[in-house]
Chemist: 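Structure below; questions to follow.
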Amino acid sequence: MTTKRPPTALEKMGLNSPMALALHLPSRYEDETELFTIEEALGLGRFHSIQTQGVVIRNQVTFRPRRQLLVTIEDDTASLQLRFLNFYPSQQKQMAVGANVRVRGEVREGYQGAEMVHPTVRAVTPDSPLPASLTPVYPASAGLSQTIIRKAVLKALQDASLKESLAEFLPTKLMAEILPSNDWPPLQDAISYLHQPPADANTQSLLERTHPAWRRVQFEELLAQQISLKRAHAIRRERRAPSFEKDRQASKAKKTNASIEDGLQKVLPFELTSAQARVWSEIGLDLSNTFPMNRLLQGDVGSGKTVIAALAAARAMDHGYQAAIMAPTEILAEQHYLKMQEWFEPLGVKIAWLSGSLKAKEKRLAQEMIESGEAQLIIGTHALIQDKVSFAKLGLAVIDEQHRFGVRQRLEIQQRVGSELFYCHQLMMSATPIPRTLAMTYYADLDVSVIDELPPGRKPIATKVVKAARRDEVISGLHDWLAKGLQAYWVCPLIEESEVLQLQTAVESFEQLTQALPNFKVGLVHGRLKSEEKAAVMAAFKANEIQLLVATTVIEVGVDVPNAALMVIEHAERFGYAQIHQLRGRVGRGSADSVCILMYAEPLSLAAKERLQTLRETSDGFVIAERDLSLRGPGELLGAKQSGDAMLRFVDLQRDAWLIELAQTAAERLLAEHGDLVERHLERWLGSRTEFLKA
Ligand code: ADP
Ligand code: MG
């Protein structure tokens with residue numbers, strides 16, 4: 001089946017079978033079914049496209065103000081000027097004086113009266129029939145005209161094989177029980193309808209994709225997704241993972257009688273909140289299973305997720321397995337490393353640190369410790385996934401701020417024990433709530449635990465929004481603040497276009513603040529520092545040797561210095577919701593009243609104004625995530641975008657949320673009652689794209 005010829009433009013778009021073409025559905029339609037007289041068009045054609053027809057009475061190329069083609073057409077009622085700024089000789093010929101043309105475009109007021117600029121033009125005879133259906137406009141690519149796609153689709157729709165591929169096989173009874181109404185056409189009819197809607201079709205619902213024909217297609221697509229998710233779920237449950245039961249660990253704990261978990265509970269300087277205790281028991285139950293955990297621990301910034309990760313790691317270690325904790329940035333990973341050292345080293349736990357910026361030799365040493373099993377707990381950045389570290393016996397992987405890694409980077413660590421393949425338990429942690437629609441679709445195979453309570457004694461963060469013009473006032477307030485023995489952060493503006501520029505402004509602010517606050521030690525931390533340098537600055541800040549920390553957004557996540565309860569964010573208008581929320585979460589961790597000052601430069605866009613206002617009014621992560629979501633759409637969250645696009649082509653999770661539940665029910669029933677149909681359905685919808693199901 002190897003062909004030598006290069007792929008056609010259609011094939012390049014994946015339109016290489018009748019089925020693929022049938023599912024290449026229009027993005028919109030043009031109504032060429034209605035024809036207006038020129039007089040009517042002059043009145044109706046303002047602000048929307050209209051079709052009219054006439055005889056050419058003038059065809060002239062003028063050169064002022066620039067080369068252009070002016071054509072006038074006329075019918076019994078009036079005349080209309082057409083203007084073409086770019087044109088081919090063939091067009092000029094097509095519109096020769098005396099020719100009959102059908103044109104379509106918007107009418108607008110030009111210098112010489114009403115005109116159409118660049119209308120679409122079709123040569124006709126006075127009695128050429130009008131098409132009976134709306135004209136589809138397809139997603140296209142460069143070098144692929146609508147005409148070619150239309151022809152190919154029409155041909156595909158006649159193809160005998162389609163009868164089979166689009167045959168109705170979902171049981172009528174099941175559909176009737178599940179679907180909300182019976183006006184959804186059978187699949188084949190729905191598809192034909194969408195390619196060639198009749199002249200009187202409800203164009204609005206077609207455009208908005210809420211038409212019953214669209215609903216039918218969307219439902220089927222979601223059904224395929226739900227089935228494949230349920231399968232992935234079943235597959236996971238068939239996989240083996242080491243079971244970490246609490247009761248059994250005492251006998252397994254080596255040498256000492258005390259388990260690491262009990263030891264950790266003892267060294268912790270606080271009691272778990274009841275929310276933490278609840279999620280820990282959920283996770284503990286997962287860990288005792290013989291199939292791998294796949295759980296997301298969701299909790300607002302500062303809710304105390306780290307200790308849960310530590311407890312889970314302790315349990316794995318008590319069973320003689322390794323645990324790994326990964327974070328998206330070096331700073332965050334280092335914070336974890338420091339915390340884990342503080343908690344675990346007194347208990348004799350061996351910890352390995354692995355990050356991208358380690359020297360080759362240090363890296364090799366760390367890797368040896370990990371490979372030999374000497375390291376019980378491994379902390380690091382993405383490097384842990386990217387460098388294909390081989391673990392001696394990994395039982396648990398914790399991935400902090402999981403959404404930053406993206407779906408693709410989800411790790412699949414497995415190891416052979418005897419003849420059996422073992423997978424490790426996975427715990428993802430995130431401060432970003434998953435919207436329900438995503439939880440039911442892309443993340444359906446993810447169990448979710450939520451910490452919905454902050455540790456006691458937290459004072460709410462007072463957020464103030466201040467003009468940059470009042471910078472001096474802010475600095476003098478900062479002076480008073482530091483004089484009370486408290487610490488503070490100064491966050492420099494995000495400059496997305498240029499890291500160099502970002503660094504430069506950070507250095508400037510650092511110098512200015514050093515001068516303005518001579519009695520205090522000011523530190524600077526940014527992304528360009530070596531990891532030891534960063535660690536040194538952070539350690540000095542933690543030890544209160546530095547009182548004011550000037551930082552770029554590298555401190556965005558995870559940094560934990562309770563005595564630092566004031567944060568100033570410069571150019572807050574440049575940050576998104578989530579970023580400010582994360583940043584602000586760095587303060588409000590101690591018992592002092594916390595303050596966050598959002599400084600902004602004018603002029604402020606409407607969106608930025610609304611954003612700052614919301615952030616001032618609420619510090620509830622759910623509310624903020626919702627605002628964020630309505631702005632950006634769910635695809636961008638949690639890295640779902642890439643794989644999401646590929647799997648759902650016709651469904652919009654926000655618009656079609658209510659369909660998800662129907663599809664879920666249908667998938668369950670289909671799997672339970674009609675197992676034989678499941679394959680067929682998946683094949684129809686996913687065909688060669690089944691690779692996405694493994695994600
Ligand atoms: P996040 O969920 O944002 O990762 P952390 O795990 O960093 O939050 O916890 C934030 C702070 O709260 C840390 O200083 C941590 O030691 C503290 N903390 C966590 N749990 C409790 C608790 N139950 N009581 C008091 N302080 C806690
Ligand atoms: Mg954290």
Side-chain angles (χ1 to χ4, degrees), residues 264-283 295-314 324-344 379-381 398-405 427-434 448-461 486-487 489 538-539 541-544 553-565 567 578-592 594 596 619-622 624-625:
L264 174 63
Q265 296 265 22
K266 279 196 199 103
V267 303
L268 280 182
F270 48 75
E271 297 258 315
L272 295 188
T273 61
S274 63
Q276 282 170 320
R278 173 173 41 78
V279 302
W280 171 227
S281 75
E282 289 164 2
I283 290 166
R295 186 171 285 273
L296 174 75
L297 175 55
Q298 197 267 305
D300 208 348
V301 183
S303 60
K305 298 183 286 292
T306 317
V307 64
I308 304 299
L311 284 166
I325 301 180
M326 269 165 278
T329 68
E330 186 116 4
I331 290 227
L332 181 52
E334 275 163 14
Q335 289 280 320
H336 283 322
Y337 182 47
L338 294 176
K339 194 106 236 175
M340 297 304 151
Q341 273 182 323
E342 181 189 320
W343 285 340
F344 282 122
I379 319 273
T381 56
V398 180
I399 305 172
D400 200 4
E401 301 298 337
Q402 181 263 345
H403 58 289
R404 302 195 152 209
F405 286 95
L427 178 63
M428 273 72 80
M429 304 201 292
S430 174
T432 311
I434 301 188
V448 181
S449 292
V450 182
I451 306 183
D452 51 6
E453 168 189 12
L454 292 178
R458 291 280 168 80
K459 297 268 176 64
I461 304 166
L486 293 164
Q487 292 168 276
Y489 297 96
M538 295 311 297
F541 187 56
K542 204 157 186 169
N544 201 357
T553 44
V554 292
I555 61 157
E556 191 177 336
V557 280
V559 177
D560 186 27
V561 180
N563 192 45
M567 175 176 285
Q579 278 172 317
I580 292 199
H581 184 60
Q582 289 271 0
L583 279 167
R584 184 171 58 179
R586 302 307 108 213
V587 297
R589 301 200 156 204
S591 45
S594 302
C596 176
S619 54
D620 183 329
F622 277 94
I624 291 169

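Source: prediction; values computed, not measured. Sequence positions, counted from 1, serve as the residue numbers for this chain. Each ligand, and each atom within it, is numbered from 1 in the order the structure gives.
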Chemist: Report yes or no: does Ser303 have a heavy atom closer than 4.0 Å to ligand 1?
Modeler: yes
Chemist: Does the side chain of Val561 come within less than 4.5 Å of Tyr489's, by heavy atoms?
Modeler: yes
Chemist: Would you please determine whether Met429 falls within less than 4.0 Å of ligand 1 on a heavy-atom basis?
Modeler: no
Chemist: Which of the numbered atoms in ligand 1 are below 4.0 angstrom from a heavy atom of Val301?
Modeler: 3 (O)
Chemist: Heavy atoms only: which of Val561, Val307, Leu268, Thr306 is nearest to atom 6 (O) of ligand 1?
Modeler: Thr306
Chemist: Look at ligand 1 and say whether Gly302 reaches it with a heavy atom at a distance under 4.0 Å.
Modeler: yes
Chemist: Can you find an N/O atom of Gly304 closer than 3.5 Å to an N/O atom of ligand 1?
Modeler: yes
Chemist: Just verifying a value: how many Å separate Ile308 CD1 and Leu272 CG, rounded to the nearest 0.5 Å?
Modeler: 5.5 Å
Chemist: Checking Gln265 now: which residues fulfil side-chain hydrogen bond (donor to acceptor under 3.5 Å, both in side chains) with it, not counting sequence neighbours?
Modeler: none
Chemist: Determine, stepwise, if the pair Ile399 / Leu427 fulfils side-chain contact (heavy atoms from CB on, under 4.5 Å).
Modeler: CA-CA 6 Å; Ile399 305 172; Leu427 178 63; over 6 Å; no
Chemist: Under 4.0 Å from a heavy atom of Glu271: which atoms of ligand 1 are those, numbered in the order shown and with their elements?
Modeler: 22 (C), 23 (N), 24 (N)
Chemist: Do Lys339 and Ile325 touch side chain to side chain, with heavy atoms closer than 4.5 Å?
Modeler: no
Chemist: Mark up the atoms of ligand 1 that fall under 4.0 Å of a heavy atom belonging to Lys339, in ascending order.
Modeler: 16 (O)
Chemist: Under a 4.0 angstrom heavy-atom cut-off, which atoms of ligand 1 come close to Leu272?
Modeler: 23 (N)
Chemist: By number and element, which atoms of ligand 1 are closer than 4.0 Å to a non-hydrogen atom of Thr273?
Modeler: 23 (N)
Chemist: Glu453 side chain to Ala275 main-chain N or O, any donor-acceptor pair under 3.5 Å?
Modeler: yes
Chemist: Checking Lys542 now: which residues fulfil salt bridge (charged side-chain N to carboxylate O under 4.0 Å, His left out) with it, not counting sequence neighbours?
Modeler: none
